[in-house]
Amino acid sequence: MTQLRRGLASLGLLGLVLTGTAAGAQPQTTDNAPRAVEGFPEPTVHSQEAHPPDSDFTSRWTRADARQLKAMSDPAAGPRENSMPEEYTAPTVPISFPDMSGGRVWVWDSWPLTDSAADQYSFKGWEVIFSLVADRNLGFDDRHTYAKLGYFFRKAGIPADQRPENGGWTYGGLVFPEGVSGEVFEDQSFSHQTEWSGSTRIFKGGNVKVFYTAVAFYRNAQGEDVKPADARIMMTPGKLKADANGVRFTGFEIHHELLKPDGKWYQNGEQNPYYNFRDPFTFKDPAHPGKTYMVFEGNTATVRGTPACTEEDLGYRPGDPHAEDLETVRSSDARLQMANVGLAVATNDDLSSWRFLPPILSANCVTDQTERPQIYMKDGKYYLFTISHRSTFAEGIDGPEGVYAFVGNGIRSDYQPVNRGSGLAVGNPTNLNYATGFPFDPDYNQHPGTFQAYSHYVMPGGLVQSFIDTVGTKDSFRRGGTLGPTIRLDISGETITVDRSYGDGGLGGYADIPANRHANPGTFIP
């Protein structure tokens, strides 16, 4: 997904590198500030310093940072070759991938049962995941406005190489009773009402709370918007039950509206009919005990097309000969790309009431999309992961579909983009020397993996799962709608690389989302 409308076209999946490390790789300095590549600007210096979560400091993913993506690309890479560094590129997914649902539903954004520290739980011997699903009678690219939350389950503790190739999941059906997620909207004249991504927390006794995005569309018979879509972040409590035959859910009759875009920090439909507001991920921070936080995708609250970027958003160092002129950027279409990552804090223990805090990251005039953000903690560092499409980068910025990451010393930090200051953690194999095309119509010269993986979710131990969109070349490709093979990242300080010793050349099992914690009804779950 991308802007609310352009965001109706999720792209991508994981890839193999056909070339070695890209030309022009830049060395690191001892102060953790990457050096410039010849012909490109230096990236912005970021301190990683932590600020109080409720302060008004917002870190910036700058144009100077994001231009390092192109600086890493090999200008000599030929047609259907990968131009990006191998260490930041996922292995190519075979076109013969299996289908996890047995042809029942399209599957895309997915997530596990987690606690407040993002550990993943099985329940009474069953692993459970949640996915956006849609009827297979729909065209794959029509799925977004009909998405519902479905769930899958499988026996826990079985190694991936001992499971069926498709991961061994059983489709359990829809999570919520039909129609209840639409009851929050005051205007019930919507043409479509859908459920988009979020996260699911498990508590003692099999109690769960599903955080998700409810969206109502108001369209005429010709499919044209008669007013902007209405997106709201929601929470609904239910109960997970299990026996020898599998798992099921009860509850979910009451859906609490948590947040709707305020127009102050987070753009709303009046400011931009294509705004982004979705993907709640909740967690606790050991540095701030007693509080529960949420990150989510948003846009900077400006009227669409307003030339709102600043010199700080460009982020060039004084005197950099490759710096851009502010007014030139502001007068280009880059002014339309105003993504941010939002932060909120719960105001009650039930997690049914929240208040906004200022964004923790902005990407003004860099990209329009910071989908499915999550906070990941390792070795005392805080990693902000998010995902983005090549098609949502601003004019003058280019980079692959994939996972982008930023490291700091707290939830709200002066986040440093990982990997040479670019932000790219792992991308699909892509050739930035050629156009991308579309998942349903790849450019002839593009690598077969350029759209292979999207909607990545980073799991404990650096494991990463995602869904398959399109694998193959212009003359021979296959659409996905199922989860792809899990990969693993080595995460160390400001560097994140793909672990090619994991699985088969870096590819683990399909739809492999293993629990690292196990719960029974009396288990204490933080």
Side-chain angles (χ1 to χ4, degrees), residues 1-13 60-63 65-70 73 84 108-109 141 144 196-197 213 215 229 231 261 266-267 271-279 296-300 302 304-305 308-309 313 329 332-342 359 361-373 384-406 417 422-428 430-432 434-443 446 450-456 466-467 469-470:
M1 310 176 204
T2 170
Q3 308 163 324
L4 255 173
R5 178 181 293 161
R6 198 158 95 203
L8 298 183
S10 259
L11 316 176
L13 223 224
R60 290 178 170 89
W61 187 16
T62 68
R63 287 182 66 88
D65 295 329
R67 286 179 66 190
Q68 306 309 309
L69 296 165
K70 185 71 171 179
S73 177
M84 300 304 291
W108 61 112
D109 300 13
D141 296 304
H144 300 282
W196 282 354
S197 293
T213 314
V215 188
Y266 305 106
Q267 193 177 63
Q271 296 167 318
N272 178 8
Y274 314 121
Y275 70 106
N276 296 297
F277 186 75
R278 56 177 174 263
D279 303 346
F296 55 90
E297 177 186 10
N299 286 119
T300 301
T302 59
R304 178 175 166 81
C309 293
D313 293 320
V329 173
S332 74
D333 282 347
R335 69 185 186 276
L336 302 177
Q337 318 303 313
M338 300 289 288
N340 68 23
V341 174
L361 182 78
S362 66
N364 299 332
C365 290
V366 171
T367 184
D368 202 55
Q369 180 191 73
T370 48
E371 284 196 286
R372 298 194 72 191
L384 170 61
F385 287 102
T386 186
I387 52 178
S388 204
H389 293 300
R390 189 181 185 194
S391 63
T392 62
F393 279 115
E395 184 176 337
I397 304 295
D398 200 4
E401 313 255 307
V403 184
Y404 291 82
F406 309 84
S422 69
L424 179 64
V426 57
N428 290 342
T430 304
N431 195 322
L432 298 189
Y434 298 95
T436 313
F438 303 94
F440 54 84
D441 185 23
D443 183 86
Q446 263 310 327
T450 191
F451 291 117
Q452 66 176 12
Y454 197 65
S455 196
H456 307 71
S466 56
F467 82 91
D469 192 336
T470 300

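Bear in mind the structure is a predicted one, so any value in this text is a computation, not a measurement. We use all heavy atoms of the structure for the numbers below, so side chains are in, but hydrogens, waters and symmetry mates are not.
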* Please tell me if the side chains of Leu432 and Lys70 come closer than 4.5 Å, counting only heavy atoms from C-beta onward. => yes
* To do: Please name the pair of heavy atoms, one in Ser332 and one in Glu395, separated by the smallest distance, quoted to 0.1 Å.
  => CB-OE1, 3.6 Å
* To do: Could you walk me through whether Phe451 and Thr436 pass side-chain contact (heavy atoms from CB on, under 4.5 Å), step by step?
  => CA-CA 9 Å; Phe451 291 117; Thr436 313; 3.1 Å; yes
* Hey, is the main chain of Pro273 close enough, under 3.5 Å, to the side chain of Arg304 for a donor-acceptor pair? -> no
* To do: With side-chain contact (heavy atoms from CB on, under 4.5 Å) as the test, would you mind laying out the steps for Met84 and Leu424 before giving the verdict?
  => CA-CA 10 Å; Met84 300 304 291; Leu424 179 64; 4.0 Å; yes
* Excluding sequence neighbours, so at least two apart, what forms salt bridge (Lys or Arg N to Asp or Glu O under 4.0 Å) with Arg372? -> none
* Asked: Looking only at atom types and distance, does a side-chain atom of Ser197 sit under 3.5 Å from a main-chain N or O of Asp279, one as donor and one as acceptor?
  -> no
* To do: Applying side-chain hydrogen bond (donor to acceptor under 3.5 Å, both in side chains), name anything that partners Asn431, two or more places apart in sequence or on another chain.
  => Asn433
* Asked: Which residues satisfy the side chain to side chain contact (heavy atoms under 4.5 Å, CB included) test with Ala66, sequence neighbours excluded?
  -> Trp61, Val366, Ile397
* **Expected output: side-chain Tyr275 to main-chain Ala231 donor-acceptor under 3.5 Å** => yes
* Please check if the side chain of Thr392 supplies one atom and the backbone of Asp368 the other of a donor-acceptor pair under 3.5 Å. => no
* To do: Taking all heavy atoms of Asp443 and all of Ala435, pick out the closest pair and write down the distance.
  => CB-O, 3.2 Å
* Asked: For His389, does its backbone N or O pair with a side-chain atom of Ser391 as donor and acceptor, under 3.5 Å?
  -> no
* Structure fact -> Contacts of Asp441 meeting salt bridge (Lys or Arg N to Asp or Glu O under 4.0 Å) (sequence neighbours excluded), chain-then-number -> Lys474
* To do: Applying side-chain hydrogen bond (donor to acceptor under 3.5 Å, both in side chains), name anything that partners Gln446, two or more places apart in sequence or on another chain.
  => none
* Structure fact -> Residues at least two apart in sequence or cross-chain that pass side-chain hydrogen bond (donor to acceptor under 3.5 Å, both in side chains) with Thr300, listed by chain then number, are Asn364
* **Audit row: Leu69, Tyr404, side-chain contact (heavy atoms from CB on, under 4.5 Å) steps and yes/no** => CA-CA 11 Å; Leu69 296 165; Tyr404 291 82; 3.9 Å; yes
* Trp108 side chain to Asp469 backbone, donor-acceptor under 3.5 Å -> no
* Asked: To the nearest 0.5 Å, how far apart are OH in Tyr454 and OG in Ser388?
  -> 5.5 Å
* Structure fact -> Rounding to 0.5 Å, atoms SG (Cys365) and CG (Asp333) come to a distance of 10.5 Å
* Report the C-alpha distance between His456 and Phe385 in whole Å, list the side-chain angles of each, state the deciding distance to 0.1 Å, and finish with yes or no for ring-ring contact (aromatic ring centres under 6.0 Å, His included). => CA-CA 9 Å; His456 307 71; Phe385 287 102; over 10 Å; no
* Structure fact -> Residues Pro400 and Phe393: closest non-hydrogen pair is O-CE1, 4.3 Å
* Report the residues that fulfil side chain to side chain contact (heavy atoms under 4.5 Å, CB included) with Ala308, sequence neighbours left out, ordered by chain and then residue number. => Thr302, Thr306, Met338
* Structure fact -> OG1 (Thr213) and CG (Asp109) are apart, to the nearest 0.5 Å, by 9.5 Å
* Asked: Can you name the ring pair (Phe, Tyr, Trp, His ring centres under 6.0 Å) partners of Tyr266, sequence neighbours left out?
  -> Phe296, Phe356
* Structure fact -> Those residues at least two apart in sequence (or on a different chain) that pass salt bridge (Lys or Arg N to Asp or Glu O under 4.0 Å) with Asp313 are Arg60
* To do: For the pair Phe440 and Phe438, name the ring-plane relationship: parallel under 30°, tilted 30 to 60°, perpendicular over 60°.
  => parallel
* **Non-hydrogen atoms of Pro417 and Ser422 that approach each other most closely** => CB-C, 3.8 Å
* **N/O donor-acceptor pair under 3.5 Å between Thr386 side chain and Glu371 backbone** => yes
* Asked: Of all residues at least two apart in sequence or in a different chain, which pass the salt bridge (Lys or Arg N to Asp or Glu O under 4.0 Å) check with Asp398?
  -> Arg390
* To do: Please name the pair of heavy atoms, one in Pro373 and one in Val341, separated by the smallest distance, quoted to 0.1 Å.
  => CB-CG1, 3.8 Å
* Asked: Can you name the residues that form a side-chain hydrogen bond (donor to acceptor under 3.5 Å, both in side chains) with Thr370, not counting sequence neighbours?
  -> none
